[in-house]
2 protein chains.
Amino acid sequence: MSSDASPAPAKTPVTLREVASLAGVSVATASKALNGQGRMTAETRERIRETARRLGFRPNSLAQSLLRRRSFTVGLLTNDTYGRFSLPVMSGISDALVDKGVSVFLCNVEDDQRLGQLHVDAMLDKRVDGIIATGKRIDRHLPVDLSNLGVPVIYAFTQPDPGAIAFVSDDAGGARLAVEHFWRLGRRRIAHVTGPASFAVVHTRAQAYRDVLTENGLPIMEPLLGSWSEAWGHEAVKKLFDGKLSKSGGEKPDAVFCGNDQIARGVIDALRERGLGVPDDVGVIGFDNWQIVAEATRPPLTSVDMNLAALGREAGLTLLSLVGGEPAAPGIRKLPCRLVVRQSCGRPPDG
Amino acid sequence: MSSDASPAPAKTPVTLREVASLAGVSVATASKALNGQGRMTAETRERIRETARRLGFRPNSLAQSLLRRRSFTVGLLTNDTYGRFSLPVMSGISDALVDKGVSVFLCNVEDDQRLGQLHVDAMLDKRVDGIIATGKRIDRHLPVDLSNLGVPVIYAFTQPDPGAIAFVSDDAGGARLAVEHFWRLGRRRIAHVTGPASFAVVHTRAQAYRDVLTENGLPIMEPLLGSWSEAWGHEAVKKLFDGKLSKSGGEKPDAVFCGNDQIARGVIDALRERGLGVPDDVGVIGFDNWQIVAEATRPPLTSVDMNLAALGREAGLTLLSLVGGEPAAPGIRKLPCRLVVRQSCGRPPDG
DNA sequence: TCCTTCTGAGAAAACCTTTTCCCAAATTGC
DNA sequence: GCAATTTGGGAAAAGGTTTTCTCAGAAGGA
């Protein structure tokens, strides 16, 4: 009388045993029928499948995992609660894995060693197939020891253990992208305003900046190190455009390459306040391509994008191949950045 | 000779059977020893415990879950890939659960129904104990059907199904906090600049704004609806301070309550550009307390904080009690906001 | 007709842990 | 000294699935 063709409401999950019994076969046969294994008449197989469908049968992953020693889960460790860096990374990882039926345990360990151990233990207990570590800084370790865990580990946008596999952004390449873009636009007095010396990327990018200038025979203006804030961008403009610029001659910059988008925002605002036009008088390029900031600047900010989602995807895929038993050479893989051109540095080079 | 006291490297996890065999007892006894169950000599119990410790034994969660019908896992569904709203919520949830040994599956379903179904099925297959749904908008449904799943579901900062349990921020209360703060500071001509009409919170907050003004006998200036951007903040200032303000008399506002921090930022910048002092001439309050924005404005922005982490924590705890079998009344629980006072609206009322 | 080969399907072990009985030995009570 | 109880510990089932073996019957060959 009732609609027995509709999938069951699954108040309590239906087991293989129930399917088998309703189809009048053993659980072994039922299992084989549903997995396309074993030999049986097409009629039997179809009958079992139909029964399973009708009952809304879905195999219990826990039981499968126990048997297969493979849980189709991975752990994602991060110490970045709010940040905008690890989020795209995480999203990329998740993207790469969901299609393979792999679920992700998200574990925020803050900077707390105890919490880290807690999470790692929990992940191991739950028999994750692998672990990905990510964080808010590429030059800092997570507060956990991931060596010798018995499962594959991949580092993404965080400092790896020696001998591990890591994916990071190519910051030097990203900086080159920016400075070379200025060069191609005809800018010749290019300054660099960036964050504090305690960040490794500050030095990486600064060196790339110097390299490009040197290669092209341009004068090097010593990079200005400060903080990652708008306020520092303001201040830096004062230093760049007020003072007599030491040895480099005293001419004012016609371009500023900034260490992040907030600094760039400060720089642009400060330039406008002192009557300098962006991009006409001075071009500005930021770093991170933080959309909400880059698009709120006037004019909208050209910025280097680290392709973090792609980085995460790559990390996820690599972990999967490791789990599958394929070998992979240890080392740090740098993934290229890309320049997102908006309006803060003049017309595109091919324009 | 070798350091057999150090925990095993756990290349392959050690099982209870191995512990038992090394301790010279049956697995049953070993299990009871480690769980504090059963009866045995203190000596036996300690010997088993010591063996387990030495081997670095950790029980296989999969096997435990299979038996207990409880996986100590919950699924977290979100459609917010990058947002700053659901991140604190997620963090709060995770916080609340980690201490109880519960791990969280993070599932980003974007706005894709297929992806949603995929994730929900995967979670169910993995026998999550419960599901929490969160999202980027409090007035939109996730693209999934979570009714009648067979596991408890909680909604946090997203639109719930009817009859479900949900936690949301008390937007009306938050708006009251802001407007009443202005009132206590002696501001009497309070404007409201907010986002687009398509957002439910825009109306909720606007109504609360009107209510407070009415209660205190202040003139109502019709809320200005626009977008959530800095640019709109700029534009709104133009409308507020240039035009003849319709029926409300023409006097200029001495306070602006903004729908979010970006609008507030635009408002503050625009006020400064036209020579109006903040907070001396005009007070400004934002919404969301997005730290990085609130602290970059000059002066730093007073803003309404939705306490999203606390909201997440509450949701997590409630889910757990539901999983534990305790009943809970359906309905929407509004959690209070709090006002984070910085420097954009003058000295504190008690100053 | 008898032996071999194939076919379809079931029994049972395995994955790892917990828990409920159950039993032999030791202890207690009288 | 004998029955009743307590003590210490083990055997086995359960949880749900997969996979390997095994086996009865049918089909084919001689």
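Residue numbering restarts at 1 for every chain, and letters A, B, ... go by the order of the sequence lines.
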Nearest-neighbour nucleotide for the B:Phe57 side chain, C:dT19, D:dG15, C:dT17 considered: C:dT17
Any A:Asn60 side-chain nitrogen or oxygen under 4.0 Å from OP1 or OP2 of D:dG15: no
Which residue, B:Ala42 or A:Ala63, contacts DNA chain D at a nucleotide closer to its 5' end, judged by nearest heavy atom? B:Ala42
What is the distance from CZ of B:Arg58 to P of C:dT17, rounded to the nearest Å? 12 Å
When you check the phosphate oxygens OP1 and OP2 of C:dG10, does a side-chain N or O of A:Ser26 lie under 4.0 Å from one of them? yes
Please report the distance, rounded to the nearest Å, between NZ in A:Lys126 and P in C:dC16. 18 Å
Which nucleotide in C:dT18, C:dT7, D:dG16 has an atom nearest any side-chain atom of B:Arg68: C:dT18
What nucleotide, of D:dG15, C:dT18, D:dG8, holds the atom closest to the side chain of B:Leu16? C:dT18
Throw together a table of side-chain donor-acceptor distances under 3.5 angstrom for residues 311-324 of chain B, partners on residues two or more places apart or in other chains.
residue: B:Thr318; atom: OG1; partner: B:Glu314; partner atom: O; Å: 2.8
residue: B:Ser321; atom: OG; partner: B:Thr318; partner atom: O; Å: 3.1

Among C:dC15, D:dT18, D:dG9, the nucleotide that comes nearest once only the side chain of A:Gln64 is considered: D:dT18
In whole angstroms, the gap separating P of D:dT20 from CZ of A:Arg39 amounts to 14 Å
With a 4.5 Å cut-off on side-chain heavy atoms, are B:Val25 and B:Arg47 touching? yes
Find the distance A:Leu67:CG to D:dG15:C1' and express it as a whole number of Å. 13 Å
Using whole Å, report how far CG of A:Leu66 lies from P of C:dA14. 14 Å
Can you figure out which of C:dC15, D:dA11, C:dG8 approaches the side chain of A:Thr41 most closely? C:dG8
Atom CZ of A:Arg45 and atom C1' of C:dG8: how far apart are they, to the nearest Å? 11 Å
With a sphere of 6.0 Å drawn around CZ of A:Arg17, does it hold more than 12 non-hydrogen atoms of other residues, nucleotides or ligands? no
Could you state the CZ-P distance from B:Arg69 to D:dT17, rounded to the nearest angstrom? 11 Å
To the nearest 0.5 Å, how far apart are OG in A:Ser86 and CZ in A:Phe157? 8.5 Å
Does A:Thr44 reach a base, just sugar-phosphate, or nothing at all? Heavy atoms under 4.0 Å. sugar-phosphate
Between C:dT17, D:dG8, D:dA12, which one does the side chain of B:Ala28 approach most closely? D:dA12
Using a 4.0 Å heavy-atom cut-off, does A:Thr15 contact any base of the nucleic acid, only the sugar-phosphate backbone, or nothing at all? sugar-phosphate
Could you check, using the six-membered ring where one of them is a Trp, whether A:Phe167 and A:Tyr155 have ring centers closer than 6.0 angstrom? no
Does the side chain of B:Thr29 get closer than 4.0 angstrom to OP1 or OP2 of D:dG9 through an N or O atom? no
At less than 3.5 Å, do the side-chain atoms of A:Lys32 and the base atoms of C:dG8 form a donor-acceptor pair? no
Just how far, in rounded Å, is C1' of C:dT17 from CG of B:Asn35? 9 Å
